[in-house]
Protein chains: 2
Amino acid sequence: MVNIKDVAARANVSVGTVSRVLAKNKTVGKELRETVEATIRELNFQPSGVARGLRRSRTDMIGLVIPDITNPFFAELAKHVEASASGAGYSVLLCITNDDPAIEAAQITSLLKSYPTGMIVVPTQSGGPTGWGERELPAIAVDRPFGGHPLISVDHRAGAGLAARHLIDLGHRRIAYIAGPDDAPVSRQRREGFVQALAEADIEAVCVSGQFDYQSGEALGRFLLQRAPGVRPTAVATASDQQAIGLIRAATDLGLSVPGDVSIIGFDDIPLANLVTPRLTTIRQPVASIAASAVAIMVGDTPMPEGDALMEATLVVRSSTAAPGPEQSSE
Amino acid sequence: MVNIKDVAARANVSVGTVSRVLAKNKTVGKELRETVEATIRELNFQPSGVARGLRRSRTDMIGLVIPDITNPFFAELAKHVEASASGAGYSVLLCITNDDPAIEAAQITSLLKSYPTGMIVVPTQSGGPTGWGERELPAIAVDRPFGGHPLISVDHRAGAGLAARHLIDLGHRRIAYIAGPDDAPVSRQRREGFVQALAEADIEAVCVSGQFDYQSGEALGRFLLQRAPGVRPTAVATASDQQAIGLIRAATDLGLSVPGDVSIIGFDDIPLANLVTPRLTTIRQPVASIAASAVAIMVGDTPMPEGDALMEATLVVRSSTAAPGPEQSSE
DNA sequence: CTGTTAGCGCTTTCAA
DNA sequence: TTGAAAGCGCTAACAG
């Protein structure tokens, strides 16, 4: 592989000069700079990121730590993080924790060996340890809080409030909520936002909790919907689109029509939400913006924020919600 | 950060010795080795992967190049690759190409800067360029051929044949096939396998092609199913589960029951396949094995194969396929 | 503005 | 079996 010395020799300059043109340092004479640039192209020189990293104790890499790449929301996040990062000349080191604090700790320790510029982490639900040895490494948390690091996430409370108000506006009064794990802050915040918005309209929600996945939505949904029409909720909101999709399945299996018999509203707006039958009304998270801000901070385009940054969620109305049927509204 | 010199000093040995115990080199005296190991733990020493990488011109990283992490099949692949890699002490550098050959080339070039041990690539559909400069880097292709590199993938032809035979065995004769992009080898192979298996039973398939995504499945499905019961196919197979799910949606929208009016069979067995209504009959790819073999080769546990390795697909029968209704079989 | 040079932290001969 | 020392390719002082 051709190195900086080869380029210097070929261009009749010192390695220092080559290094400076690489760094786009303005203190290089125009003429010389052009010669060097030509030589670089001619030799197809690719500076070693490893050598550079060793010298600067920092590589152009960003660690991305997520619980599960198979979750459409995290996949979307990863996609945008990768796009922003590579746009800024950074690579992304992928770590999957499986929502296991021990694996998370191991992954982070292992990450450090590559001297990444920083890391973007969606921590384990159970909120594991916060530190990772001495090395000072900029980190920002996404979606869920991570130690004392600045958090970028959607405003879960406000988003859930949006969902609640949508259901209320539609005329629903008997409303249920399927939450995520009780020990997950994200889950709690969404539930609280939902319950509070309902309380403001003097409505009490029946809440059940489980995981964020399809199965949970289906199982909990079955539980919720298996009761007489006059008692059964006319609308149910979920903490994730995956749960909502499982819920639709449960409703269908029970012979219930959505939204005829039950209105359903999800959270996240994963790609699939727009493809299920009926198309899912949901709360959209601004994933792209979240990813972009996180990367901007890591690469230094934006200063590390002092506190947390809450991005705004938006209501996406599709076909899984409607006004309750007349016979249903009888309380 | 503590380095190898600190450890050496603290343990009263030379850095060479420390390095040797790090490398699990047997030529270190038992006693010395234990002292050094103790010191390493005591100082919580993490050897720098960057320095190591520079010295050896190779880091413990594997490049993973995929078109789209949002595609459940690739997400699954990424998950297993990450798991195998980190199990072997390697990190994974994630590159997303968006199925764009130009981005793919740029990503690969950029990967090289980190001296990865090798790369696992699911190349762009259109089969872009094959080389990436001079540096010799082990690469293995997954799912789709990539230049002259060994390919690990499911046996697309045989898998599609399985689907065809399942439909035939069920009694279907009017069968359609929704393929992926015509310029994608994967797509061609699946279609050929399907068509050929049908031909062996003297059945001719009507084939249409599009993308591998939900939308394509839905659009093409609408096109295929919008015809009179006596002409409409009684079964349709798709090149991907996503298409099949879109297709189910199209059928439902058209008032057709699955599998009552049409049987549907997908390909891949993504997690969602088991959650849609009806649960999707499909052809399962052994993703975990594919990922594990690819990683095993990269980390040197397995020699680089001479030719391509085709893994066996399996038929997963669920509820989206059934024998055609009596009135349908009238040709 | 440009050249020289001392490392970054580690592995790997080469000696002892 | 262990130590000493030469770099891997680059950046960042420091001189000139």
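Reminder, nothing fancy here: chain letters follow the sequence lines and each chain counts from 1.
Using a 4.5 Å heavy-atom cutoff, the side chains of A/Met61 and A/Leu111 are not in contact. Considering only heavy atoms from C-beta on, B/Leu94 stays 4.5 Å or farther from A/Leu64 through its side chain.
Panel note: side chain A/Ser187, backbone A/Pro181; a donor-acceptor pair is recorded below 3.5 Å. Side-chain atoms of B/Arg144 come within 3.5 Å of backbone atoms of B/Pro123 as a donor-acceptor pair (strictly under, hydrogens ignored). Looking only at distances, no side-chain donor or acceptor of B/Ser114 sits under 3.5 Å from a matching main-chain atom of B/Pro116.
Scanning residues 18-30 of chain B for heavy-atom distances under 4.0 Å to DNA chain D yields B/Arg20, B/Thr27, B/Val28, B/Gly29.
Distance from the side chain of B/Val15 is smallest for D/dA5 among the nucleotides D/dC8, C/dT4, D/dA5. Here the nucleotide nearest the side chain of A/Phe45, chosen from D/dG3, D/dG9, D/dC10, is D/dC10. Of the candidate nucleotides C/dT11, D/dC10, C/dT5, D/dC10 has the atom nearest to the side chain of A/Ser48.
As judged by a 4.0 angstrom heavy-atom cut-off over every strand, B/Val50 is placed among residues making no nucleic acid contact.
With axes fitted over five pairs at each extremity, the angle between the ends of the helix from C/dC1-D/dG16 to C/dA16-D/dT1 is 40° (10° resolution).
Around atom CD of B/Glu42, more than 12 heavy atoms belonging to other residues, nucleotides or ligands sit under 6.0 Å away. Around CZ of A/Arg10, the count of heavy atoms belonging to other residues, nucleotides or ligands within 6.0 Å does not exceed 12.
Each of A/Asp143, A/Asp155, A/Leu77, A/Ile270 was compared with A/Gln285 under the side chain to side chain contact (heavy atoms under 4.5 Å, CB included) criterion, and only A/Asp143 meets it.
For the pair A/Asn3 CG and D/dT11 P, the interatomic distance rounds to 12 Å; values are reported in whole Å. Whole-Å rounding puts the B/Ile4 CD1 to D/dA6 C1' distance at 15 Å. Note: CE (A/Met1) to C1' (D/dC10) measures 15 Å, nearest angstrom. D/dT11 atom P lies 11 Å from atom NZ of B/Lys113, rounded to whole Å. The distance between atom CD1 of B/Ile40 and atom P of C/dC10, rounded to the nearest whole Å, is 10 Å. Following rounding to the nearest Å, A/Lys5 (NZ) and D/dT11 (P) show an atom-to-atom distance of 15 Å. With rounding to whole Å, A/Arg55 atom CZ is found 15 Å from C/dT5 atom P. If you measure from atom CD of B/Glu34 to atom P of D/dT1, you get 14 Å, rounded to the nearest angstrom.
Between A/Ala51 and A/Gly16, the residue anchored closer to the 5' end of DNA chain D is A/Ala51, taking for each the nucleotide with the nearest heavy atom. When the nearest nucleotides of DNA chain D are assigned to B/Ser14 and B/Arg56 by heavy-atom distance, the more 5′-ward of the two goes with B/Ser14.
Atom CD1 of A/Ile103 sits about 8.5 Å away from atom OG1 of A/Thr124, to the nearest 0.5 Å.
Between D/dG3 and B/Thr17, a contact under 4.0 Å exists linking OP1 or OP2 to a side-chain N or O. A/Arg52 has a side-chain polar atom (N or O) that falls below the 4.0 Å cut-off from OP1 or OP2 of D/dT11.
At a threshold of 4.0 Å, the pair A/Glu34-A/Lys30 counts as salt-bridged, since one of the basic side-chain nitrogens sits closer than that to a carboxylate oxygen.
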